[in-house]
Amino acid sequence: MAGHSKWANIQHRKGRQDKARGKLFSKLSKEITIAAKMGGPDPDMNPRLRLAVANAKGQSMPKDNIQRAIDKAVGGDVEAYEEIRYEGFGPGGIGLIVEVSTDNRNRAASDVRTAFSKNGGNMGETGAVAFMFDQVGEIRFPVTVGDEEAVFEAAIEAGAEDVSTEEGDEDEPGEYVIICAREDLGEVSSALQEKLGEAKSANIIWKPQNLIEVEADKAAGVMKLLEVLDDLDDVQNVFSNADFSDESLAGME
């Protein structure tokens, strides 16, 4: 059950440094605002907002930014956002699921379609890709919270289904990736918080049933498509079943 996996290939998180953090904060703020508008500004009474705030804290988002995002919803100074899922295929036949929160459906659809078409991919019908994924809860902790055995035991006791370790590098420490049933995310994350402290993130994700190894000559194209999609203002999350080998990543560098 415990093991190592290339989770960075499953839910694409582009880059680091200031640009990446600014983009991340923007997406976190948007999710907080939408959650507060839909379910109220009190995290104790609004499970979605509670998770959104926890995710923001896990990414070291300043408290003032979090409060501003909530206040924006309370003040009514928010457009009506629509949540849409797009599906498509990238170079080499990899499957992608793109989650969007937008106040303009036509703009979002056009931007996502253009990103696919200009980067070697193509949009699919709803359901064309989703059947290759499972929607599950994912909770992430830095490996600094404890040794693998202790985290494994805590996760199982909390009701999790799977535990793996994502290796880090010189810039980012590794992470424990804990998977649970979609409907159990709130309960499992709360139980783990009591034992391990605050999680880095807790989200509903699309987890691929099988990964598709990206051929070396297509790796750069797949990564470019992921980055272009992730950079779109309306896009909140991008999931894929792409698996980049060390060789293909080295080739891109």
From CZ (R50) to CG (N46), nearest 0.5 Å: 8.0 Å
Count the heavy atoms belonging to other residues, nucleotides or ligands that lie under 6.0 Å from CG of D42, then report whether that count exceeds 12. yes
Any side-chain to backbone donor/acceptor pair from Q209 onto F131? Under 3.5 Å, distance only. yes
At their closest point, which heavy atom of G58 faces which heavy atom of E198, and how far apart are they? N-OE1, 4.2 Å
For I205 against I179, the heavy-atom pair lying closest together: CD1-CD1, 4.4 Å
Does Y176 reach the main-chain N or O of V163 with its side chain, forming a donor-acceptor pair under 3.5 Å? no
Roughly how far apart are L96 CG and M132 CE, rounded to 0.5 Å? 9.0 Å
Heavy-atom pair of closest approach, residues P43 and L49: N-CD2, 3.9 Å
Nearest-0.5 Å distance, CD of residue E183 to CD of residue Q135: 10.5 Å
Expected output: side-chain D234 to main-chain T102 donor-acceptor under 3.5 Å: no
List the steps, then state whether side chain to side chain contact (heavy atoms under 4.5 Å, CB included) holds for Q67 with I70. CA-CA 5 Å; Q67 191 58 50; I70 295 174; 4.2 Å; yes
The reported gap from CD1 in I66 to CD1 in I32 (rounded to nearest 0.5 angstrom) is 5.0 Å
I want to check something: taking the side chain as every heavy atom from C-beta on, are C180 and E187 in contact at a cut-off of under 4.5 Å? no
Going through the checks in order, is the side chain to side chain contact (heavy atoms under 4.5 Å, CB included) test met by N122 and F116? CA-CA 5 Å; N122 60 281; F116 272 100; 5.6 Å; no
Counting only N and O atoms by type, is there a donor-acceptor contact under 3.5 Å from the side chain of N241 to the main-chain atoms of I94? no
Give a yes or no on whether the backbone of A150 and the side-chain of D147 come within a donor-acceptor separation of less than 3.5 Å. yes
Heavy-atom donor-acceptor pair, S110 side chain to N106 backbone, under 3.5 Å: no
Side chain to side chain contact (heavy atoms under 4.5 Å, CB included), that's the test. Do M61 and S29 meet it? Break it down for me. CA-CA 9 Å; M61 186 170 169; S29 293; 2.8 Å; yes
Within the structure provided, determine whether F141 and V151 are in side-chain contact (heavy-atom separation under 4.5 Å). no
Locate the shortest heavy-atom distance separating N55 from S201; write the atom from each residue and the value. OD1-CA, 3.0 Å
Any side-chain heavy-atom pair from D233 and K23 closer than 4.5 angstrom? yes
Result of checking N203, V188, L51 against I139 for side chain to side chain contact (heavy atoms under 4.5 Å, CB included): V188
Residue pair A115 / L232: nearest heavy atoms and the distance that separates them: CB-CD1, 4.4 Å
What is the minimum heavy-atom distance between V214 and K218, and which atoms define it? CG1-C, 3.8 Å
Candidate pair W206 and V129, rule side chain to side chain contact (heavy atoms under 4.5 Å, CB included), full reasoning: CA-CA 11 Å; W206 290 91; V129 172; over 6 Å; no
If we only count heavy atoms from C-beta on, is the V235 to D111 side-chain gap below 4.5 Å? no
Using a cut-off of 6.0 Å, state whether more than 12 heavy atoms not belonging to K224 lie near its atom NZ. no
If you draw a 6.0 Å radius around CD in Q193, do more than 12 non-hydrogen atoms from other residues or ligands fall strictly inside? yes
To the nearest 0.5 Å, what is the distance between CD on E87 and CD on E99? 10.5 Å
For the backbone of S101 and the side chain of K30, can you confirm whether one donor and one acceptor N or O come within less than 3.5 Å of each other? yes
State, with a plain yes or no, whether a side-chain heavy atom of R48 is found less than 4.5 Å away from one of I34. yes
Rounded to the nearest 0.5 Å, what separates atom CD in E31 from atom CD in E83? 6.5 Å
Would you mind checking if D230 and K27 are paired as a salt bridge, meaning a charged N to carboxylate O distance below 4.0 Å? yes
